[in-house]
Amino acid sequence: MADQTRTLLRGRLLTFNACPGGADDTDAYTYLEDGALLLSGGTIEAYGDFSKISREVPDGVTVIDHRPHLILPGFIDTHIHFPQAQVIASWADQLLDWLNDYTFPAEQKFADKAHADRIAAHFYDALVAHGTTTAVAYCSSHPNSVDAYFEEAERRGMMMLGGKTMMDRNAPPALCDTAQSSYDDSKRLLAKWHGKGRAKYVIAPRFAITSTPEQLEAAGTLLREHPECHLQTHINENQNEIAFTRELYPDAAHYLGVYESFDLLGPRTLLGHCIHMTGHELHVMRETGSVAVFCPTSNLFLGSGLFDKSGLESAGIRTAIATDVGGGTNYSMLRTLDEGYKILQLQRQRMHPLTSFYWITLGNAQALSLADRIGTLDPGTDADLVVLDAGATPAKALRMETVTTLSEELFLLQTLGDDRCVVETYVAGAPQKCLLPTGAH
């Protein structure tokens, strides 16, 4: 009789224990040429060689054979904007122009719950199609958008982080809240969604330019009241942004000092961009344990600058990597790695492909303080997985004919890969399908 409660996946397995220094750093990762994952109740029950695991499972367990494909933990995106799904690929000059010309008009539409629901379905389809199983998102300033975001995550069983964007100045009136209303709305939404199923609420002041001191104080109060929650914001992305911030907060020692003065920094604080950092800002980041989030495709697209991964990490700062859609130009963490690799190459910071794949799995999970649940194939963790085919197109297949090592295969996936390489995405052990047909409205 078939066992409907368990599934056994067979394929080549790759998972990480730490950040690898290279292919020889075998303590940092585990690769099984013929591996097995036993999935049960949305979690990984067992992991190991297929010959061993298959002998231990009861008769009747469904076996899904993904050979010769590669099975990894699902990808994690640590900075993305849910209301910008229709903003991606919009031509503009630099950051502040792009926000005013495209982003703010698009976000105003999220006052309409039906619009937010529709975009949420497409947004989640895009994540799943690209192998992303967890993301940290900004919703709009409208509570409707937060409900739409988490309702869709709940339907799909996904671990998603996000929250209402807090912004009470330097934006269209239809997007602006107040310090008090942003606190009240965020508090209510946090109580409604944080910890419901797999949902995690994120306190989200957009950045210093769009928040008054009173609103940043409100955000700091929320964080003190709910230290289990993450906080996300932006910093040091663009020189014009930095200059404007200094005008608005002339008493701050530097941009990061604005956030520091309102107690917004800590090990669950995610700071998007961190490109133009001063020495003292690096010191403060290290002391507070705050996370620097690298957004390579948006940094290039908006001409913002080059993220100094080596400099940040040498200063003892934790880092993560993200798509930053819609300033970012692709939902794919593979495409994000490709652009990130090039940015680091320009600074003579060569990144090994094993390091790359660590970063978008366990590395990002550690940056989110969630490595006990996601980012690995360890037994007891959530069964969020991606199955990859490096030879998914004729050009990739031709290159694969000459690939002889795992590192070469990973670098091919990173350099040429996209959603066509994603054979299957599993969320809590269940294979995911896009809910909307191509071109649906």
Output yes when a side-chain donor or acceptor of R169 lies under 3.5 Å from a complementary backbone atom of S211, and no otherwise. yes
How about D77 and T323: does a side-chain donor come under 3.5 Å of a side-chain acceptor? yes
Would you call C274 and V293 a side-chain contact if the rule is heavy atoms closer than 4.5 Å? no
Taking C-beta and beyond as the side chain, do L14 and L410 meet within less than 4.5 Å on heavy atoms? yes
State, with a plain yes or no, whether a side-chain heavy atom of E217 is found less than 4.5 Å away from one of D263. no
Hey, are D418 and S332 close enough side-chain-wise for a donor-acceptor pair under 3.5 Å? no
Please assess F294 against T336 for the test side-chain contact (heavy atoms from CB on, under 4.5 Å), listing each intermediate value before the final yes or no. CA-CA 10 Å; F294 181 24; T336 299; over 6 Å; no
Run the numbers on M167 and F104 for side-chain contact (heavy atoms from CB on, under 4.5 Å), then give the verdict. CA-CA 11 Å; M167 49 193 302; F104 291 158; 3.7 Å; yes
Can a salt bridge be assigned to the pair E107 and K164 using a cut-off of 4.0 Å between side-chain N and carboxylate O? no
To the nearest 0.5 Å, what is the distance between NE2 (H283) and CD1 (I317)? 10.5 Å
Between R335 and D338, does at least one N-O distance fall below 4.0 Å, as a salt bridge requires? yes
Please check: side-chain N/O of T133 versus main-chain N/O of V427, any donor-acceptor pairing under 3.5 Å? no
d(C229 SG, I203 CD1) to nearest 0.5 Å is 5.5 Å
Between E45 (side chain only) and S40 (backbone N and O only), is there a donor and an acceptor less than 3.5 Å apart? no
Flag, side chain of H280 to backbone of L256, donor-acceptor distance under 3.5 Å: no
For the side chain of Q232 and the backbone of A137, is there at least one donor-acceptor N/O pair under 3.5 Å apart? yes
In terms of relative ring orientation, are H81 and H234 parallel, tilted or perpendicular, with 30° and 60° separating the classes? parallel
Would a 4.5 Å heavy-atom cut-off, applied to side chains only, mark L39 and L37 as touching? yes
Show the numbers, then the answer: is there a side-chain hydrogen bond (donor to acceptor under 3.5 Å, both in side chains) between Q215 and S182? CA-CA 8 Å; Q215 186 168 72; S182 68; 3.1 Å; yes
Going by distance alone, is a donor N or O of one side chain under 3.5 Å from an acceptor N or O of the other, for Q84 and D324? no
Centroid-to-centroid, Y138 to H79, below 6.0 Å? yes
Residues H194 and H226: side-chain donor-acceptor under 3.5 angstrom: no
When you look at F357 and Y29, which way does the ring-ring contact (aromatic ring centres under 6.0 Å, His included) test go after all the steps? CA-CA 10 Å; F357 280 81; Y29 68 98; over 10 Å; no
Check ion pair K113-D117 (N to O, under 4.0 angstrom): yes
Mind checking whether N330 and E339 have side chains closer than 4.5 Å, heavy atoms only? no
Could you check M285, E260, E281 and say which one makes a side chain to side chain contact (heavy atoms under 4.5 Å, CB included) with S290? M285
Supply the atom-to-atom distance L388 CG to R420 CZ, rounded to the nearest 0.5 angstrom. 14.0 Å
With a 3.5 Å distance limit and no angle check, can you tell me whether R286 reaches the backbone of A315 through a side-chain donor-acceptor pair? yes
Full working for side-chain hydrogen bond (donor to acceptor under 3.5 Å, both in side chains) between T319 and E313: CA-CA 7 Å; T319 64; E313 292 179 351; 2.6 Å; yes
Does any donor atom in the side chain of D101 or W91 lie under 3.5 Å from an acceptor atom in the other side chain? no
Is a salt bridge present between D389 and K396, judged by a nitrogen-to-oxygen distance below 4.0 Å? no
Checking H115 against R118: is there a side-chain donor and acceptor pair closer than 3.5 Å? no
Step through it carefully: locate the ring centre of H273, locate the ring centre of Y255, and say whether they are under 6.0 Å apart. no
Donor-acceptor pair between S356 and Y341 side chains, under 3.5 angstrom: no
Say whether, by atom type as modelled, one donor and one acceptor occur between the side chain of R12 and the main chain of Y31 under 3.5 angstrom. no
Going from CD on Q414 to CE on M333, what distance comes out if it is rounded to the nearest 0.5 angstrom? 11.0 Å
If you look only at pairs with a residue in residues 360-370, which of them pass as a side chain to side chain donor-acceptor pair (under 3.5 Å), with sequence neighbours excluded? Y358-Q366
Tell me which one of I71, L377, L362, T381 satisfies side chain to side chain contact (heavy atoms under 4.5 Å, CB included) with T15. L377
State, yes or no, whether a side-chain contact exists between S310 and Q347 at a heavy-atom distance under 4.5 Å. no
Please check this pair: side chain of D384 against backbone of A428, looking for a donor-acceptor N/O pair closer than 3.5 Å. yes
Which class fits the ring pair Y149 and F82: parallel under 30°, tilted 30 to 60°, perpendicular over 60°? tilted
Report yes or no: does S261 contribute a side-chain atom to a donor-acceptor pair with the main-chain N or O of V258 at less than 3.5 Å? yes
Looking at T132 and V128, would you say the former's side chain and the latter's main chain have a donor-acceptor pair under 3.5 Å? no
Could you walk me through whether Y183 and E225 pass the side-chain hydrogen bond (donor to acceptor under 3.5 Å, both in side chains) check? CA-CA 11 Å; Y183 173 86; E225 292 172 343; 2.8 Å; yes
Find the distance between CG (L38) and OG1 (T43) and round it off to the nearest 0.5 Å. 9.0 Å
Mind checking the OG1-CG spacing from T269 to L223? Nearest 0.5 Å is all I need. 6.0 Å
Verdict with reasoning, T134 to K200, per side-chain contact (heavy atoms from CB on, under 4.5 Å): CA-CA 11 Å; T134 291; K200 297 186 180 298; over 6 Å; no
